[in-house]
**Q** 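Dropping a structure here in structure tokens format, bear with me for questions.
Remember, it's a predicted structure, so these values are computed and weren't measured experimentally.
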Amino acid sequence: MNGPRGYTYGSADLETSPVSLDDLRKIEETILWTDADRQALLRARPILEPRTDEILDVWYGYVGDHPFLIESFASVDGSPDPDYLSAVRERFKVWVVDLCSREHDQDWLNYQHEVGLRHTSAKKNVTDAVESPAAEVRMRYLIGFIVPLTATMRPFLAEGTSDAEELDAMYTAWFKGVTLTAILWSEPYSTSW
């Protein structure tokens, strides 16, 4: 279990996800996930992994341009907390690589549940021991972020291939992977999930 502070993928301490592997497979069917998508993301990894700092610069620029998004990372005085932003950024970089390469098994499902909890009042400020007044990331932004996380990725993928079909395959797989993550991260928000 290597990674940045707070990255607990594969830890025996993680709570078992209430989403079963059977539920996960049904969600994958719903979003049209296929083995071809998995393979496309595996091919995307060597393109994206060395560019994670640049990718996060784009995403953090987007968040920073929207006060209603940056407030999730605010300190008690309302200003952005640079240490909190930095810690989350390091885990977000690993998430890019994980999205491209991790098997959708029980360990993966358990960690998605943990990250989902970290967006809610159950664990929002716990991992990084911060005192942000934002008790949770609003679910509407968690779901809405599917679009910028997907739309901003195409130029990075395009730099790694000149084949239009390959670009479309990787981009579509990325979109499905981001959507799947958002679905799983939204589970702790709802009793009717």
Side-chain angles (χ1 to χ4, degrees), residues 3-9 17 19 27 31 41 44 48-49 51-100 102 108 111-159 170-193:
R5 183 182 80 224
Y7 180 72
T8 57
Y9 188 98
S17 173
V19 179
I27 297 165
I31 65 167
L41 284 176
L48 300 178
E49 187 169 11
R51 310 286 303 279
T52 55
D53 275 314
E54 295 167 73
I55 293 165
L56 267 290
D57 286 346
V58 171
W59 292 348
Y60 267 44
Y62 177 80
V63 170
D65 287 343
H66 296 85
F68 57 89
L69 295 176
I70 198 72
E71 71 185 21
S72 292
F73 301 99
S75 59
V76 175
D77 69 3
S79 65
D81 181 331
D83 293 333
Y84 189 19
L85 283 162
S86 177
V88 172
R89 179 186 176 104
E90 292 307 305
R91 290 191 298 274
F92 221 165
K93 287 168 31 179
V94 176
W95 174 78
V96 170
V97 177
D98 281 356
L99 191 138
C100 291
R102 293 285 189 183
W108 182 81
Y111 191 62
Q112 301 319 302
H113 179 62
E114 173 67 16
V115 175
L117 287 170
R118 291 178 186 183
H119 286 82
T120 70
S121 58
K123 291 193 175 184
K124 160 81 169 48
N125 296 326
V126 175
T127 301
D128 296 302
V130 297
E131 295 182 26
S132 173
E136 69 180 18
V137 175
R138 293 178 184 254
M139 189 171 76
R140 62 181 171 232
Y141 301 137
L142 180 78
I143 293 168
F145 223 64
I146 293 169
V147 175
L149 290 183
T150 301
T152 57
M153 193 57 72
R154 191 172 184 91
F156 290 102
L157 291 168
E159 290 180 19
M170 291 188 296
Y171 183 69
T172 299
W174 177 264
F175 170 56
K176 291 178 185 181
V178 171
T179 301
L180 179 59
T181 300
I183 291 168
L184 294 172
W185 289 0
S186 72
E187 179 274 326
Y189 287 86
S190 175
T191 57
S192 63
W193 190 84

**Q** Could you pull out the closest heavy-atom pair between K124 and V137, with the gap in Å?
**A** CE-CG2, 4.0 Å
**Q** After noting the C-alpha distance and the side-chain angles of T181 and F145, does the key distance pass the side-chain contact (heavy atoms from CB on, under 4.5 Å) rule?
**A** CA-CA 11 Å; T181 300; F145 223 64; over 6 Å; no
**Q** If you round to the nearest 0.5 Å, how far is CD of Q112 from CZ of R102?
**A** 10.0 Å
**Q** As a test of understanding, state which of R154, E54, R51 forms a side chain to side chain contact (heavy atoms under 4.5 Å, CB included) with E159.
**A**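 Answer to the side chain to side chain contact (heavy atoms under 4.5 Å, CB included) test with E159 among R154, E54, R51: R51.
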**Q** Working to the nearest 0.5 angstrom, can you tell me the gap between Y171 OH and L157 CG?
**A**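 It comes to 9.0 Å.
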**Q** Does atom CZ of F175 have more than 12 heavy-atom neighbours, drawn from other residues, nucleotides or ligands, at distances under 6.0 Å?
**A** no
**Q** Please report the C-alpha distance between V178 and M153 in whole Å, then the side-chain angles of each, then the deciding distance to 0.1 Å, and finally whether the side-chain contact (heavy atoms from CB on, under 4.5 Å) criterion is met.
**A** CA-CA 11 Å; V178 171; M153 193 57 72; over 6 Å; no
**Q** What I'd like to find out is whether the side chain of V94 reaches to under 4.5 Å of the side chain of Y9, using heavy atoms alone.
**A**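 Sidechains of Y9 and V94: no contact.
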**Q** Calculate, to the nearest 0.5 Å, the distance between atoms CD and OG1 belonging to E187 and T120 respectively.
**A** 9.5 Å
**Q** Determine whether the aromatic ring centres of residues Y62 and W59 are separated by less than 6.0 angstrom.
**A** no
**Q** Y7 and D98: which non-hydrogen atoms are nearest, and at how many Å?
**A**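 Scanning both residues, the minimum pair turns out to be OH-OD2, 2.6 Å.
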**Q** Which heavy atom in S72 sits nearest to a heavy atom in S132, and how many Å separate them?
**A**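 Nearest heavy atoms, S72 then S132: O-OG, 3.5 Å.
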**Q** Mind checking whether L48 and L99 have side chains closer than 4.5 Å, heavy atoms only?
**A** no
**Q** For residues F92 and L85, determine if any side-chain heavy atom of one lies less than 4.5 Å from a side-chain heavy atom of the other.
**A** no
**Q** Where is the tightest heavy-atom contact between M170 and L41, given as atom of each residue plus distance?
**A** O-CD2, 4.4 Å
**Q** Charged N to carboxylate O under 4.0 angstrom, D128 versus K123?
**A**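 Salt bridge flag = no for K123 with D128.
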**Q** Should Y111 and S17 count as side-chain neighbours, where that means a heavy-atom distance under 4.5 Å?
**A**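 Not touching, per the 4.5 Å side-chain cut-off.
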**Q** Looking at R138, I want to see if its CZ is surrounded by more than 12 non-hydrogen atoms of other residues, nucleotides or ligands under 6.0 Å.
**A**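 For R138, atom CZ is not crowded (no more than 12 foreign heavy atoms under 6.0 Å).
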**Q** With rounding to the nearest 0.5 Å, note down the distance linking CG in L69 to OH in Y141.
**A** 6.5 Å
**Q** Closest heavy-atom contact between V76 and E131?
**A**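 The answer is CG2-O, 3.2 Å.
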**Q** Kindly assign one of parallel, tilted or perpendicular to the pair W95 and W185, based on the angle between their ring planes and the thresholds 30° and 60°.
**A**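 Correct class here is tilted.
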**Q** For N125 and Y84: C-alpha separation, side-chain torsions, deciding distance, then whether side-chain contact (heavy atoms from CB on, under 4.5 Å) applies.
**A** CA-CA 9 Å; N125 296 326; Y84 189 19; 3.8 Å; yes
**Q** Side chain of T150, backbone of I146: donor and acceptor closer than 3.5 Å?
**A** yes
**Q** Is any side-chain heavy atom of R5 less than 4.5 Å from a side-chain heavy atom of E90?
**A**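 They are not in side-chain contact.
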**Q** Strictly distance-based, threshold 3.5 Å: is any side-chain N or O of Y60 a donor or acceptor partner for the main-chain N or O of R89?
**A** yes
**Q** Give me the atom names and distance for the closest heavy-atom approach of I70 to G64.
**A**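 Heavy atoms of I70 and G64 come nearest at CD1-CA, 4.3 Å.
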